[in-house]
Amino acid sequence: MSLKKLYTLVFLKNNGEVLLGLKKRGFGVNKWNGFGGKVEINESIIEAAVRELKEESCMLVQPSDLRNVGHLEFTFEGDRLMMDVRVFTASTFEGLATETEEMIPKWYKFQDIPYDKMWLDDKYWFQYMLNDKFFYATFHYQGFDKILEHRIEELESM
Ligand code: 6OG
């Protein structure tokens, strides 16, 4: 039996640029990614998405401006944990992206995304996210640097 944990992952977009953060500690350290983390007990997925974005980048977004575009499932060889990650985008937000204890934020042009310094799975689904297309994908990793199996499909809606 697997153990499922729910996570959020938020990407802000503006004028052909996307805000990424370089993770300074913990899971995915030294990788560029969106902003997110575990959904707490007694918290909705949307509340967690807003909270994690603020904690990690100081950016503010209204719940109604978050668009759930993707659903990712990650499993790791020899591990019962399944990470269930809900991916959101937003084009309306407030604040100035600021370094926090967890992340160094930086705006990247869509054509300059640093895939070689990101999770391997990102290059499979980023184009869907950047184009606000709905998608569902599963990735089975061996360690953190090899994908043994993956599946991705575009959806009509979430
Ligand atoms: P914290 O440990 O910071 O939450 N995440 C992944 N993101 C990508 N792009 N690829 C993966 O491949 C990922 N695994 C986890 C979900 C971890 C954050 O990292 C995301 C969360 O936003 C394995 O609380």
Side-chain angles (χ1 to χ4, degrees), residues 2-13 18-61 63 66-90 93 97-108 110 112-154 158:
S2 72
L3 187 76
K4 195 157 129 173
K5 280 198 186 159
L6 199 50
Y7 294 81
T8 60
L9 189 57
V10 176
F11 295 90
L12 300 183
K13 297 194 282 181
V18 60
L19 187 66
L20 300 180
L22 182 65
K23 191 95 186 277
K24 290 163 68 177
R25 63 181 191 198
F27 194 73
V29 64
N30 292 330
K31 287 181 166 58
W32 290 94
N33 204 348
F35 302 88
K38 276 190 211 76
V39 178
E40 307 277 357
I41 303 166
N42 298 329
E43 178 182 54
S44 71
I45 297 174
I46 295 278
E47 284 166 351
V50 172
R51 175 182 56 74
E52 289 279 353
L53 175 71
K54 186 173 171 213
E55 282 174 10
E56 294 183 348
S57 72
C58 302
M59 298 301 278
L60 304 174
V61 68
L66 283 172
R67 181 176 159 91
N68 182 203
V69 295
H71 183 181
L72 298 167
E73 289 179 342
F74 298 113
T75 49
F76 299 87
E77 190 74 6
D79 193 334
R80 284 170 56 226
L81 175 68
M82 191 240 257
M83 301 180 85
D84 179 333
V85 181
R86 306 304 168 94
V87 183
F88 297 87
T89 60
F93 47 81
T98 305
E99 181 173 345
T100 61
E101 284 186 1
E102 197 137 341
M103 292 281 213
I104 301 172
K106 185 175 169 189
W107 288 98
Y108 278 96
F110 286 3
D112 295 334
I113 309 256
Y115 289 109
D116 55 334
K117 296 176 198 126
M118 294 163 70
W119 282 103
L120 282 178
D121 56 274
D122 294 9
K123 61 175 175 293
Y124 293 93
W125 56 265
F126 244 61
Q127 285 306 317
Y128 292 93
M129 182 275 293
L130 293 176
N131 293 302
D132 271 333
K133 293 198 168 138
F134 300 115
F135 63 94
Y136 168 68
T138 61
F139 296 90
H140 185 61
Y141 271 83
Q142 182 174 62
F144 297 139
D145 298 316
K146 188 173 180 189
I147 294 172
L148 294 180
E149 267 180 56
H150 80 279
R151 200 157 63 85
I152 182 153
E153 58 184 293
E154 187 175 338
M158 281 303 290

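The basis for the numbers below is simple: all heavy atoms, side chains too, and nothing from hydrogens, waters or symmetry mates. Remember, it's a predicted structure, so these values are computed and weren't measured experimentally. Atoms within a ligand are numbered from 1 in the order they appear, just like the ligands themselves.
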Test item: side-chain donor near acceptor, Asp121 and Tyr141, under 3.5 Å: yes
Those atoms of ligand 1 less than 4.0 Å from some heavy atom in Thr8: 21 (C), 22 (O)
Sub-4.0 Å heavy-atom contact, Tyr141 with ligand 1: yes
Top protein contact for atom 17 (C) of ligand 1, by heavy-atom distance: Tyr7 CD2, 4.2 Å
Under 4.0 Å to a heavy atom of Lys23 - the qualifying atoms of ligand 1, by number: 1 (P), 2 (O), 3 (O)
N or O contact, Asp121 vs ligand 1, cut-off under 3.5 Å: yes
Contact atoms of ligand 1, heavy-atom distance to Asp122 under 4.0 Å: 8 (C), 9 (N), 10 (N)
Asn33 vs Lys31 side-chain heavy atoms within contact, under 4.5 Å: no
Stepwise side chain to side chain contact (heavy atoms under 4.5 Å, CB included) test for Leu148 and Lys146: CA-CA 6 Å; Leu148 294 180; Lys146 188 173 180 189; 4.1 Å; yes
Tyr124 vs His150, ring-ring contact (aromatic ring centres under 6.0 Å, His included): CA-CA, chis, key distance, verdict: CA-CA 9 Å; Tyr124 293 93; His150 80 279; 4.2 Å; yes
Ligand-residue contact atoms, ligand 1 with Glu102, heavy atoms, under 4.0 Å: 3 (O)
Numbering as shown, the atoms of ligand 1 that approach Asn33 to under 4.0 Å (heavy-atom distance): 6 (C), 7 (N), 8 (C), 9 (N), 19 (O), 20 (C)
Protein contact of atom 13 (C) of ligand 1 - nearest heavy atom, named by residue and atom, plus distance: Phe74 CE1, 3.5 Å
4.5 Å side-chain heavy-atom contact, Tyr115 and Trp32: no
Lys/Arg N to Asp/Glu carboxylate O, Lys24 vs Glu101, below 4.0 Å: no
Whether Phe76 lies under 4.0 Å from ligand 1, heavy atom: yes
Side-chain touch Phe134/Glu154, heavy atoms, less than 4.5 angstrom: no
Top protein contact for atom 8 (C) of ligand 1, by heavy-atom distance: Trp119 CD1, 3.3 Å
Glu73 and Tyr136: side chain donor to acceptor below 3.5 Å: yes
Heavy-atom side-chain contact between Glu149 and Thr138 under 4.5 Å: no
Distance filter under 4.0 Å to Gly36 heavy atoms, resulting ligand 1 atoms: 3 (O), 4 (O), 21 (C), 22 (O)
Closest approach of any protein heavy atom to atom 14 (N) of ligand 1, naming residue and atom: Phe27 CE2, 3.4 Å
Under-4.0 Å heavy-atom contact with ligand 1, by part of Trp125 that carries it: side chain
Side chain to side chain contact (heavy atoms under 4.5 Å, CB included) assessment of Leu60 paired with Phe93: CA-CA 6 Å; Leu60 304 174; Phe93 47 81; over 6 Å; no
Protein heavy-atom partner closest to atom 4 (O) of ligand 1 - residue, atom, separation in Å: Gly37 CA, 3.5 Å
